[in-house]
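Heads up: the structure comes next, in structure tokens.
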Amino acid sequence: MTIDKQLLDALDGPAQDARRLHDRLVTEAGDRDLLDVAYRTVDSPVGRLLLAATPRGLVRVAFALEDHDAVLSRLAADVSPRVLEAPGRLDGAARELDEYFAGRRTVFDLDLDLQLTHGFRREVVARLPQIAYGSTATYSAVAQLVGRPKAVRAVGSACANNPLPLVVPCHRVVRTDGSIGHYLGGSEVKRELLRMEAA
């Protein structure tokens with residue numbers, strides 16, 4: 001055995017032990033109903049995404065520029081401090097996002113937990129999936145859809161604070177003049193998503 005191999009084995013041992021301990025913690029927390037928020041990260045064409053879910057469903061999708069550590073802290077404060085990396089709990093969401101980015105999925109079929117959005121914002125978020133893949137709607141049209149035609153700015157605010165971007169397609173909402181408007185993942189990401197869906 002070479003020294004390099006010995007060093008790699010020595011370094012790998014504690015890492016494997018830590019991984020096994022973490023996996024056991026995830027299993028036991030799940031068995032005892034102590035895991036309130038499971039999360040994982042996935043790579044995507046628009047950067048690294050954080051996915052988080054409660055037992056009710058997907059609760060948060062966050063872009064890298066939102067600072068994943070800050071998002072996890074916010075989830076601990078707003079949902080529950082019992083937050084744990086448990087990738088297996090989000091396999092379905094990760095798979096559907098992969099299919100979406102590969103052009104094989106136009107509608108998400110996931111249980112969603114909308115507890116991070118309230119009131120009018122929640123009404124808007126609940127309506128956004130009605131905007132079909134490859135289509136757009138204006139902030140004004142969404143305001144009318146929700147039954148509050150003068151609440152155009154409030155619709156913009158609801159889209160800007162959508163806790164489930166991509167899955168709940170706020171990127172399909174544009175300004176009346178056709179410009180794309182702001183987006184949580186950045187305007188270039190929004191432009192790329194609209195380009196991808198239109199292709």
Side-chain angles (χ1 to χ4, degrees), residues 36-54 56-80 83-118 121-122 124-129 131 133-137 139 142 153-175 179-199:
D36 294 334
V37 181
Y39 75 91
R40 74 180 288 176
T41 56
V42 295
D43 290 320
S44 83
V46 295
R48 198 151 183 80
L49 301 171
L50 173 77
L51 311 178
T54 68
R56 285 183 278 181
L58 190 66
V59 73
R60 189 72 166 86
V61 175
F63 294 99
L65 63 80
E66 295 180 74
D67 182 353
H68 291 169
D69 288 337
V71 171
L72 290 170
S73 294
R74 200 73 236 153
L75 286 168
D78 293 346
V79 179
S80 168
V83 177
L84 193 60
E85 183 177 15
R89 298 257 179 135
L90 289 134
D91 283 349
R95 184 185 66 253
E96 290 199 16
L97 280 164
D98 281 345
E99 293 167 355
Y100 167 76
F101 285 116
R104 297 190 312 270
R105 175 172 292 278
T106 59
V107 177
F108 288 93
D109 185 27
L110 298 167
D111 290 331
L112 304 179
D113 181 345
L114 297 179
Q115 69 173 294
L116 295 176
T117 187
H118 310 281
R121 286 181 179 174
R122 187 171 187 154
V124 171
V125 166
R127 294 289 187 142
L128 294 177
I131 306 169
Y133 182 93
S135 302
T136 59
Y139 292 103
V142 174
R153 293 185 116 182
V155 167
S157 177
C159 290
N161 291 283
N162 173 14
L164 294 164
L166 298 171
V167 175
V168 176
C170 55
H171 62 275
R172 296 179 191 153
V173 185
V174 297
R175 292 179 172 158
S179 60
I180 64 168
H182 298 291
Y183 187 58
L184 196 57
S187 58
E188 189 48 47
V189 167
K190 184 173 184 175
R191 204 172 279 112
E192 180 55 34
L193 293 171
L194 293 175
R195 251 196 313 260
M196 180 189 83
E197 291 188 5

From CA spacing to verdict: side chain to side chain contact (heavy atoms under 4.5 Å, CB included), Val189, Leu65: CA-CA 11 Å; Val189 167; Leu65 63 80; over 6 Å; no

CA sep, side-chain torsions, deciding dist, call: Val124, Thr117, side chain to side chain contact (heavy atoms under 4.5 Å, CB included): CA-CA 10 Å; Val124 171; Thr117 187; over 6 Å; no

Working for side chain to side chain contact (heavy atoms under 4.5 Å, CB included), residues Asn161 and Leu116: CA-CA 9 Å; Asn161 291 283; Leu116 295 176; over 6 Å; no

Stepwise side chain to side chain contact (heavy atoms under 4.5 Å, CB included) test for Arg60 and Tyr39: CA-CA 9 Å; Arg60 189 72 166 86; Tyr39 75 91; over 6 Å; no

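The closest side-chain heavy-atom distance from Asp43 to Phe101 is not below 4.5 Å. Counting only heavy atoms from C-beta outward, the side chains of Val125 and Leu164 never approach each other to under 4.5 Å. Residues Leu194 and Val174 have side chains in contact (heavy-atom distance under 4.5 Å, counting atoms from C-beta outward). With contacts defined as side-chain heavy-atom distances shorter than 4.5 Å, the pair Arg74/Glu66 does not qualify. You'll find the side chain of Glu99 stays beyond 4.5 Å of the side chain of Phe108, heavy atoms only. The shortest side-chain heavy-atom distance between Leu166 and Leu49 falls under the 4.5 Å cut-off.
Here the CG atom belonging to Leu193 is positioned 9.5 Å from the OH atom belonging to Tyr133, to the nearest 0.5 angstrom. Note: Asp78 CG to Gln115 CD = 8.5 Å, rounded to the nearest 0.5 Å. Atom CD of Glu188 and atom CZ of Arg195 lie 5.5 Å apart (nearest 0.5 Å). The structure places CG of Leu51 at 9.5 Å from CG of Leu110, a figure rounded to the nearest 0.5 Å. Note that CD1 of Ile180 is 8.5 Å distant from CZ of Arg175, once rounded to the nearest 0.5 Å. Ser179 contributes atom OG, which lies 9.5 Å from atom CZ of Arg191 (distance to the nearest 0.5 angstrom).
Judged by distance alone, with hydrogens and angles left aside, the side-chain atoms of Glu96 form no donor-acceptor pair with the main-chain N or O of Arg105 at under 3.5 Å. A donor-acceptor pair under 3.5 Å links the side-chain atoms of His68 to the main chain of Ala62, judged by distance alone. Using modelled atom types, one side-chain atom of Asn162 and one backbone atom of Val168 make a donor-acceptor pair closer than 3.5 Å.
When every heavy atom of Ala94 is checked against every heavy atom of Val42, the shortest pair comes out as CB-CG1, 3.8 Å. Looking at every heavy atom in both residues, Asp36 comes nearest to Ser80 through OD2-OG, 2.6 Å. Smallest separation of non-hydrogen atoms from Tyr139 and Cys159: CE2-SG, 4.2 Å. Scanning both residues, Gly134 and Glu197, for their nearest heavy atoms gives N-OE1, 3.1 Å. Across Gly57 and Asp113, no two heavy atoms sit closer than the pair O-CB, 3.7 Å. The nearest pair of heavy atoms linking Ser187 to Gly181 is CB-O, 4.5 Å.
Judged purely by distance below 3.5 Å, without hydrogens or angles, the side chains of Ser135 and Arg172 never pair a donor atom with an acceptor atom.
By the 4.0 Å N-to-carboxylate-O rule, Arg40 lies close enough to Asp91 to be salt-bridged with it.
The aromatic rings of Tyr183 and Phe63 sit perpendicular, their planes meeting at an angle over 60°, well past the 30° parallel limit.
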